[in-house]
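Structure first, then comments.
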Number of protein chains: 2
Amino acid sequence: MVVDQLTEAELDRLFQALADATRRDIVRRVTVGEYSVSGLAALYAMSFAAVQKHVAVLERVSLVAKEKRGREQIVRGNHEGLQKARRLLDEYEAIWRQRAERIADILAEG
Amino acid sequence: MVVDQLTEAELDRLFQALADATRRDIVRRVTVGEYSVSGLAALYAMSFAAVQKHVAVLERVSLVAKEKRGREQIVRGNHEGLQKARRLLDEYEAIWRQRAERIADILAEG
DNA sequence: CTGATCTACAACCATTTGGTTGTACGATAC
DNA sequence: GTATCGTACAACCAAATGGTTGTAGATCAG
């Protein structure tokens, strides 16, 4: 059963989302605590709109989720995106291990 | 002892490097086998110069290393960059686990 | 109802990115 | 020695990115 099929384009967006220090900081913070979008915006030396865009980028790749509460939008960490990213790096790591085994085999033969 | 201090700018470049399907494909291939730059270029529907730039991006963040052999440059996988990326995601994962524990504690109290 | 707050989004701008072609140069083959 | 191959790099271009300001719709406070 294919649980979730990650397209290359989705992976592009996922790693792109992680490739910004402000966005990585947002991910950390909203995993630990709860912040509204404007609560987050207050933390950074940029406009509200800029932060709002960063949140939208993170939301699109499921690194973050928003939940409406009154007139605020509460931003929380979403494990899904992180798991997807880890899955790719784990796969690369597995390729490395296979390579190491292969080399060990060759040495054992010789 | 600080083994390696990763600046935010370095992390930006590292994840940026991973945010391109062609570059991810190059990383996989050169981890398994050996390719010259032009050997890689033959695999993709783009110019030699484009592929060469991709390799340069990967080399800059230590996802790949080049070694001169005659007139060719052999491109190989470099574990270093991958480890750095994994380290960040591992850290995020740790934050998630702490969060889970904290929630469990609160439930235990109540 | 009115005013303030929180969010969303459009329009705009500068810089970066991912591609191109063209040029140059060292290493190899003949 | 000369032609070819593999690489590097500059210059250029279109599109995407990360920021801005401004406008507008909901929701809450008084």
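These values consider heavy atoms only, across backbone and side chains, with no hydrogens, waters or symmetry-generated copies. By convention in this document, chain letters (A, B, ...) are assigned in the order of the sequence lines, proteins followed by strands, and residues within each chain are numbered from 1.
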Starting at atom [atom1] of [X], determine the distance to atom [atom2] of [N], rounded to an integer number of angstrom.
X     : N      : atom1 : atom2 : answer
A/I74 : C/dT7  : CD1   : C1'   : 12 Å
A/R24 : D/dG18 : CZ    : C1'   : 15 Å
A/Y44 : D/dT20 : OH    : C1'   : 19 Å
A/D20 : D/dT17 : CG    : C1'   : 10 Å
B/R60 : D/dC9  : CZ    : P     : 13 Å
B/K53 : C/dT21 : NZ    : P     : 12 Å
B/Y35 : D/dG6  : OH    : C1'   : 18 Å
B/D12 : C/dT15 : CG    : C1'   : 15 Å

At how many degrees, to 10°, do the end axes of the helix from C/dC1-D/dG30 to C/dC30-D/dG1 meet when each uses five pairs?
20°

Please tell me if the side chains of [X] and [Y] come closer than 4.5 Å, counting only heavy atoms from C-beta onward.
X      : Y     : result
B/R102 : A/V32 : yes
A/K66  : A/R76 : no
B/Y92  : A/R86 : no
A/R24  : B/D12 : yes

Presence of [X] side-chain N/O under 4.0 Å of [N] phosphate oxygens OP1/OP2:
X     : N      : answer
A/Q52 : C/dT7  : no
B/S47 : C/dT21 : no
A/S38 : C/dT5  : no
B/R71 : C/dC25 : no
A/Q73 : C/dC6  : no

Sugar-phosphate, base or nothing in reach of B/R23, heavy atoms under 4.0 Å:
sugar-phosphate

For residues 28-67 of chain B, pull every pair meeting ring-ring contact (aromatic ring centres under 6.0 Å, His included), keeping only residues two or more places apart or in separate chains.
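Matches after skipping sequence neighbours: none remain.
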
Go through the structure and list residues passing side-chain hydrogen bond (donor to acceptor under 3.5 Å, both in side chains) with B/D20, not counting sequence neighbours.
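Listed in chain order: nothing, the list is empty.
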
Check A/E91 with A/R87, please: is the shortest side-chain N to carboxylate O separation under 4.0 Å?
no

Looking at B/K84 and B/E80, is there a salt bridge between them, counting it only when a charged N and a carboxylate O are closer than 4.0 Å?
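Result for this pair is yes, salt bridge flagged.
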
Which nucleotide in the list [options] gets nearest to the side chain of [X]?
X     : options              : result
A/S36 : C/dA8, D/dG19, C/dT7 : C/dT7
B/F48 : D/dG19, D/dT7, C/dC6 : D/dT7
A/H54 : D/dT7, C/dT7, D/dG19 : D/dG19

Heavy-atom nearest nucleotide on DNA chain D taken for A/R69 and for A/Q16; more 5' hit belongs to A/Q16

Closest-nucleotide 5' rank along DNA chain D - winner of A/K68 and A/A49:
A/A49

